[in-house]
Amino acid sequence: MRPNNSNKLDAIDALLENSWENPPAHFEQQLMVIPSQILLTQNRRLDQISLLLNSILMLWGTGMVLFFWTPLNGMLASLSQGVMGFSALSPQLLMHPIVGFIALTCLVLGWVWLDMEKHPGVTKI
Amino acid sequence: MMNMIPRVQKEADHIFREIVKNHSSRIYNLALMKCNQVTLAEDISQETFIRVYKGLQNFRDESHIGTWIYRIALNVCHTMIKKESQLSSRMIPLEDRADIEPEELNSDVQDIFIKDVEKDQIREAVSALPPLQSDAITLYYLKEFQYTEVAEIMDIPLNTVKSHIRRAKANLKLILMEVYDET
């Protein structure tokens, strides 16, 4: 309960005391069904099918990359050779200013995102 | 091991129901005081309880469950009110009038006038306060916490909480007097 040092209520205290609103009807019932709704969402069959289909798609994608790796590698190498003057697999890539800029941008955006997502209530769990 | 999961789930559901029974009205009023919109207050309450439920299964520090819930509620309030971007357009411009002490405004005549202000105007005034003052006075008004717990929820020192509440009351008095003068 509120500490006893507010024994002399002023006008603001009285106003705040009287500004209490009862929640709408069925509000509590709406909140009570949250667990079943969350479980329902987690166990949806559609999600399981989607997961299976996505796994197949990823396997297929990986297979395609492996199968066409040699021509793909050649294409990437010639492309990067044309654009930057050296191979995309060369260590020189790390020193390229554009690569540095992209890495720095990702780092800064990552910090901003982490800061925005930081949630004292949740981090305490 | 297979039987453990439903049991833990069942316990979490039971605790969650108790939390809803004990705190739903307060969380709703906290949200309503912060945003002064019934629909948004309902959304904030719902989002708060969703986060509480999701975090409940991993929560161990039961002695601090109250402060944990209200900390989540405050964070959800901040995030959702910001997202709605409605608060800024409705806000009465107010500087943090730190130089004014509450005692200077504590006249009985003003108190009599202020008593005529509507609930809606009170909430409008609270939502127009600087965020920390608004948080402090709202948590204080819920009558659930001691100053120390408000400090814990807001993650600021005890004396700062007291100061924010004092200044919030002084600022509220100023805003409400202006509201009364306009009507």
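Just so we're on the same page: letters track the sequence lines, and every chain starts at 1.
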For [X] against [Y], the heavy-atom pair lying closest together:
X     : Y     : answer
A:I34 : B:Y53 : CG2-CB, 4.4 Å
B:S24 : A:F27 : O-CE2, 3.8 Å
A:Q30 : B:Q46 : O-NE2, 4.4 Å
A:L31 : B:F16 : O-CE2, 3.3 Å

If two hydrophobic side chains count as joined below 4.5 Å and joins carry through other members, does [X] share a cluster with [Y]?
X     : Y     : answer
A:L79 : A:M75 : no
A:F67 : A:M64 : yes
A:V99 : A:V83 : yes
B:L30 : B:V38 : yes

Exercise. Between A:E28, A:E21, A:M32, which shows the greatest number of heavy-atom pairs under 4.5 Å with chain B?
Worked result: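 The answer is A:E21.
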Problem set entry | Steps toward side chain to side chain contact (heavy atoms under 4.5 Å, CB included) verdict (A:Q37, B:I50) | CA-CA 10 Å; A:Q37 280 176 341; B:I50 288 171; over 6 Å; no
Problem set entry | Criterion side chain to side chain contact (heavy atoms under 4.5 Å, CB included) on B:M33 and A:W20, from CA distance to verdict | CA-CA 9 Å; B:M33 194 64 110; A:W20 184 271; over 6 Å; no
Exercise. Checking B:V126 against chain A: side chain, backbone, both or neither under 4.5 Å from a heavy atom?
Worked result: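 B:V126 touches chain A through side-chain heavy atoms alone.
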Problem set entry | Residue, of B:A73, B:S45, B:A41, B:A168, that accumulates the most heavy atom pairs under 4.5 Å with chain A |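 Option with the top pair count is B:S45.
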